[in-house]
Undergrad: 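One structure follows; several queries about it will come next.
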Amino acid sequence: MGIAAVSAWEAEDIRLAKPGDVIALSGYEITFDRVERVQGPNWTASRGFFTLSRGGKEISQLTTDKR
């Protein structure tokens with residue numbers, strides 16, 4: 001029941017972006033900064049770097065990996 005309820009109100013927004021692109025989302029701006037290749041002990045990943053800001057003021061640096 002809990003999983004069904006959470007999924008019912010979930011929204012997904014998939015966008016194609018290139019470095020330098022800015023995506024506006026609920027009053028925030030997410031800037032796609034760059035992608036770097038990361039080598040682990042037994043894996044390789046692409047790591048995306050993003051800047052989260054609001055009203056032109058930086059709030060945080062974000063990263064995400066795709067292995």
Side-chain angles (χ1 to χ4, degrees):
M1 177 77 168
I3 293 172
V6 169
S7 296
W9 288 281
E10 184 177 304
E12 187 171 326
D13 185 4
I14 299 173
R15 299 185 191 189
L16 179 62
K18 50 188 183 298
D21 286 353
V22 178
I23 297 171
L25 181 65
S26 299
Y28 293 89
E29 298 85 38
I30 302 169
T31 304
F32 178 27
D33 299 319
R34 67 187 185 283
V35 175
E36 292 180 3
R37 193 63 123 183
V38 180
Q39 183 65 50
N42 61 352
W43 51 266
T44 302
S46 295
R47 180 169 293 158
F49 293 84
F50 302 85
T51 301
L52 178 66
S53 56
R54 185 172 199 166
K57 182 179 177 186
E58 183 179 314
I59 296 171
S60 182
Q61 294 288 317
L62 308 170
T63 61
T64 185
D65 288 0
K66 173 74 174 176
R67 290 187 186 182

Undergrad: Would you please test Arg47 and Thr64 for side chain to side chain contact (heavy atoms under 4.5 Å, CB included) and show each step?
TA: CA-CA 6 Å; Arg47 180 169 293 158; Thr64 185; over 6 Å; no
Undergrad: Identify the heavy atoms of Ser46 and Arg37 that sit nearest to each other, and give their distance.
TA: OG-NH1, 2.9 Å
Undergrad: Do Phe50 and Val22 share a hydrophobic cluster (ILVMFWY, side-chain heavy atoms under 4.5 Å, transitive)?
TA: no
Undergrad: Are Ile30 and Ile59 grouped together when hydrophobic residues (ILVMFWY) are joined by side-chain heavy atoms under 4.5 angstrom apart?
TA: yes
Undergrad: Between Phe32 and Ile23, is there a side-chain heavy-atom distance shorter than 4.5 Å?
TA: no
Undergrad: Is any side-chain heavy atom of Asp21 less than 4.5 Å from a side-chain heavy atom of Arg15?
TA: no
Undergrad: Between Ala45 and Asp65, which heavy-atom pair has the shortest distance, and what is it?
TA: CB-CB, 4.4 Å
Undergrad: Check whether the side chains of Arg67 and Thr44 place a donor and an acceptor atom closer than 3.5 Å, and report yes or no.
TA: no
Undergrad: Quick check for you: to the nearest 0.5 Å, what is the distance between Thr51 atom OG1 and Asp33 atom CG?
TA: 3.5 Å
Undergrad: Minimum heavy-atom separation for Thr31 to Gly20, with atom names?
TA: CG2-O, 4.4 Å
